[in-house]
Undergrad: 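Here it is: the structure, laid out below.
Just so we're clear, the structure is a prediction, and the values are computed from it rather than from any experiment.
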Amino acid sequence: MLELKNLSFKVDNEDGSGALHIIEGLDLTIDDGKFVVITGPNGGGKSTLAKLIMGIEQPTGGQILYNGRDITNMSITERANLGIGYAFQQPPRFKGLTVRSLLSLAAGKDLPEDECCTYLTKVGLCSMDYLNREVDNSLSGGEVKRIEIATLMARNLNLAIYDEPEAGIDLWSFTMLVDTFKTLAKNETNSVIIISHQERIMQLADEIIVLANGKVQTQGPKDEVFPKLLSEFGSFSRECNLRGEAK
Amino acid sequence: MDIKDFKFDLSLTPTDKMMLAEIADMVDTPDGAFNIRKNGEGVVRTSTENIEIRQKLDKPGIDIIIKPFTVAEKVHIPVIITESGVQETVYNDFFIGEGANVEIVAGCGIHNCGDGESKHDGIHTFHIGKNASVKYVEKHYGAGDGNGKRIMNPTTVVEMDEGSYCEMDMVQIKGVDSTYRKTEANLAKDAKIYVLERLMTHGKQEAKTDMVVNLNGEGSSAQIISRTVGKDDSVQVFYPNAVGNNACHAHVQCDSIIMDNAKISSIPAISANHPDAQVIHEAAIGKINSDQLVKLETFGMTEEEAEEIIIQGFLK
Ligand SMILES: Nc1ncnc2c1ncn2[C@@H]1O[C@H](COP(=O)(O)OP(=O)(O)OP(=O)(O)O)[C@@H](O)[C@H]1O
Ligand SMILES: [Mg+2]
C-alpha cells in the first residue's frame, strides 16, 4: 500500500518572487493490487508526483509511506529495491548499450534471448530486429518509449508507474499495449499507476484520479469518475485525447 | 580469459601473459606473423609466406612487409615492459602492398613495480598501397604498484595511396600516467580513413593528442571519432586538425565525459583549401547525463554502479 500524506513540492520562482507550488498538500492512498489511472491537464503535476514517489524529486513537505514504512528520505536505489519502478515520460537514450543489455540491467540479471523477446513482444516490437540495437539516437521516439515500457515489464515490480505510455505510439502497438496492461490490471497483488490521457487505458482502471494544479481534483472508482469526465469534456465515443482539450 | 601456454618457450611470466592478453588479445601463439618485444628486446619473431617481419639494422624496431594482394591475414606486434626504468624509442614501418587486406594488432603494456620511469615511444609509419585495406588495433595498458611512472608517446604516420582504406582503433583505458599521441595521415585520391580513439584517464594522468589529417586527393574522406572520460584530477587536451586540400569529406567528432576535478580541452581546427572540401567538426564535453543515471538507479543500481555502466557503454 502506498500512502501520500500532505505531500508538497514547491520550487522557488526564478525571479525570486516567492514559491511555485507544484504539488500542494496532497493526500492519496493506493491499495495493493490496484490499477490506477492518473489524468489531468498538462502541467497539473502528474509527472512530478511520479518522481516524488520514485525518489527522483524530494518533497518539500509531507510523507510517503510504502507498506507502512516511511520512505520519504530513501534514495531512488533503495526504493527500486523495494520493488518500485517508473517508466519515464521522456526516456533517456544510452550510447553503447544494446536493448538486450538494458533489459538485462532492468531485470538485474543476464536475460536469455527468449525472455527479452517476450518483453519486447508485449510492447509490440519485433524482438529479433531490436535485441542487438543500441538504445541511441538511431531509434525512433516511439521505439525508445516502448523499450522503456519493456524495461519495467522485465522487472518484477510491486508498484509500477508508467508515465504516458501511449505517447508517440502508433495505433497497432497501442492495441498491443492495451492488451498488455489488461493483463497487468488482473494482477491482484501488484499495483500499477498509469499516467494517461487515453480513454482505452482509463477503461482498464479500478480507480481514476484527476490531478490539477498539484491537487487531487477527483478520485474514485472508474465507473464514477469516468462518466463525469465524459460529461465535462463531451463525447468520448471516438478515441479521444484529453490532452488537447483540458485547459 | 583463459591464457593457454604459448607454444613457444618465450620464458613468459604470468604477468607477461596477462599483459599480452590485455593489449593484443593474445592468449596463445597467434596465427600469422608476429613479433613480441619485451623490455627493449625482441623475444620472438615469426614471418609467414606473405608477411615478412625484419629487424631494423640502423635503429630499434622492425619493418613489416606485406606482399601485394595478401588477403585476410593478421599481424601481432605487442610490446611489453615489465622492468622498472626501461626507456625506449622504437621505429616500426609497415609496407602494405597493393590490394592487400590485413589486420594489425599492436599494443603496449607497462607493468611497473619499481621507482624508475618506464617509457615506450613507438613511432609507427604506415605505407598503405593502392586499394589496400588495413585495420589497425592498438591498446595501451599500464599496471603495477610502483611509484615509477608509465609513459607512452605514440607517433603514427599514415601514408595512404589511391583507393586505400585504413581503420584505426586506439584504446587507452587504464594505468598510463602520461601520453602524448601524435597522428598524421595523408590521403591520396579516394583514400578513406576511419579513426576511433577511446581514452579514459584517472588519478593525476595526463593525455595529449595531436592529430592532423590531410585530405590531399579528390574523393578522399576521413571520419575521426574521439570518445574520452576524464576522472579524478586527470587532464586531457585534444588538437584534432582536418585539412581539406581537394574535393573531400571529413568529419571530426569529439565527445567527452568529465567527472570529479578532471580538466578536458578540445581545440579543433578545420581548414578547407578547395571549394569542394567539406570539413565538419563537432565537439561536446559534459557531465554524465543525469537522466541516464537516474534511469539506471531506478533499476536498483547505486550511483557508482550506474556511472560505471554508462562509461563502459560510452567507451565501447
Ligand atoms: N523543478 C522544477 N522547477 C520548476 N518548475 C517545475 C519543476 N518541475 C516541474 N515544474 C512545473 O510544474 C508543473 C507540473 O509539471 P509536471 O511535469 O508534473 O506536469 P504533468 O502533469 O506531468 O504535465 P504533462 O501532462 O504535460 O506531462 C509544470 O508547470 C512544470 O513546468
Ligand atoms: Mg508529465
Undergrad: Counting only non-hydrogen atoms closer than 4.5 Å, does A/Leu157 touch chain B with its backbone (N, CA, C, O), its side chain (CB onward), both, or neither?
TA: neither
Undergrad: Can you check whether B/Gln292's main-chain N or O pairs, donor with acceptor, with A/Arg93's side chain at less than 3.5 Å?
TA: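 No, because the side chain of A/Arg93 does not come within donor-acceptor range (under 3.5 Å) of the backbone of B/Gln292.
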Undergrad: Measure the spacing between CZ of B/Phe299 and CG of A/Leu103 and express it to the nearest 0.5 Å.
TA: 8.0 Å
Undergrad: Could you tell me the separation between the CD1 atom of A/Ile161 and the OG1 atom of B/Thr298, rounded to the nearest 0.5 Å?
TA: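 So the gap between those two atoms works out to 10.0 Å.
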Undergrad: Side chain, backbone, both or neither: which part of A/Glu134 has a heavy atom under 4.5 Å from chain B?
TA: side chain
Undergrad: Against chain B, label A/Tyr86 side chain, backbone, both or neither, depending on which of its atoms sit under 4.5 Å from a heavy atom there.
TA: backbone
Undergrad: Under 3.5 Å, is there a donor-acceptor pair between the side chain of A/Thr77 and the main chain of B/Met301?
TA: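 Side chain of A/Thr77 to backbone of B/Met301, a donor-acceptor pair under 3.5 Å: yes, one is there.
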Undergrad: Determine whether more than 12 heavy atoms belonging to other residues, nucleotides or ligands lie under 6.0 Å from atom CD of A/Gln90.
TA: no
Undergrad: Should we count CD of B/Glu304 as having more than 12 external heavy atoms under 6.0 Å?
TA: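 Correct, the count exceeds 12.
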Undergrad: Are A/Phe94 and B/Ile309 packed together at the side-chain level, in the sense that at least one heavy-atom pair is separated by less than 4.5 angstrom?
TA: no
Undergrad: For each of B/Lys316, B/Arg227, B/Glu297, tally heavy-atom pairs with chain A at distances under 4.5 Å, and name the one with the top tally.
TA: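 Result: the option with the highest number of such pairs is B/Glu297.
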Undergrad: Please state whether the side chain, the backbone, both or neither of A/Ala87 comes within less than 4.5 Å of a heavy atom of chain B.
TA: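 The answer is the backbone of A/Ala87.
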Undergrad: What's the separation between atom CD in A/Glu78 and atom OG1 in B/Thr302, rounded to the nearest 0.5 Å?
TA: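 A/Glu78 CD to B/Thr302 OG1: 11.5 Å, rounded to 0.5 Å.
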Undergrad: Between A/Pro92, A/Ala154, A/Gly108, which residue shows the highest count of heavy-atom pairs closer than 4.5 Å to chain B?
TA: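 Ranked by heavy-atom pairs under 4.5 Å with chain B, first place is A/Pro92.
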Undergrad: Heavy-atom distance under 4.5 Å to chain B: side chain of A/Arg79, backbone, both or neither?
TA: neither
Undergrad: A/Ala106, A/Ser75, A/Gly85, A/Ala80: which one forms the most heavy-atom pairs within less than 4.5 Å of chain B?
TA: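 If we count pairs closer than 4.5 Å to chain B, A/Ala106 comes out on top.
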Undergrad: Is it the case that over 12 heavy atoms from other parts of the model lie below 6.0 angstrom from the NE2 atom of B/His249?
TA: no
Undergrad: Do other residues, nucleotides or ligands put more than 12 heavy atoms under 6.0 Å from the NZ atom of A/Lys95?
TA: yes
Undergrad: Would you say that more than 12 heavy atoms from the other residues, nucleotides or ligands in this model lie under 6.0 Å from the CD of A/Glu14, or not?
TA: no
Undergrad: Do B/Val294 and A/Lys51 come within less than 4.5 Å of each other through their side chains, counting heavy atoms only?
TA: no
Undergrad: Is the CG atom of A/Asp31 crowded by more than 12 outside heavy atoms at less than 6.0 Å?
TA: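 Atom CG in A/Asp31 is crowded, with more than 12 foreign heavy atoms closer than 6.0 Å.
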Undergrad: Are more than 12 heavy atoms, taken from residues, nucleotides or ligands other than B/Tyr239, located less than 6.0 Å from that residue's OH atom?
TA: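 Check fails, neighbour count at 12 or below.
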Undergrad: Under 4.5 Å between any side-chain heavy atoms of A/Ile56 and B/Lys295, yes or no?
TA: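 When only atoms from C-beta onward are counted, B/Lys295 and A/Ile56 do not touch, as no gap falls below 4.5 Å.
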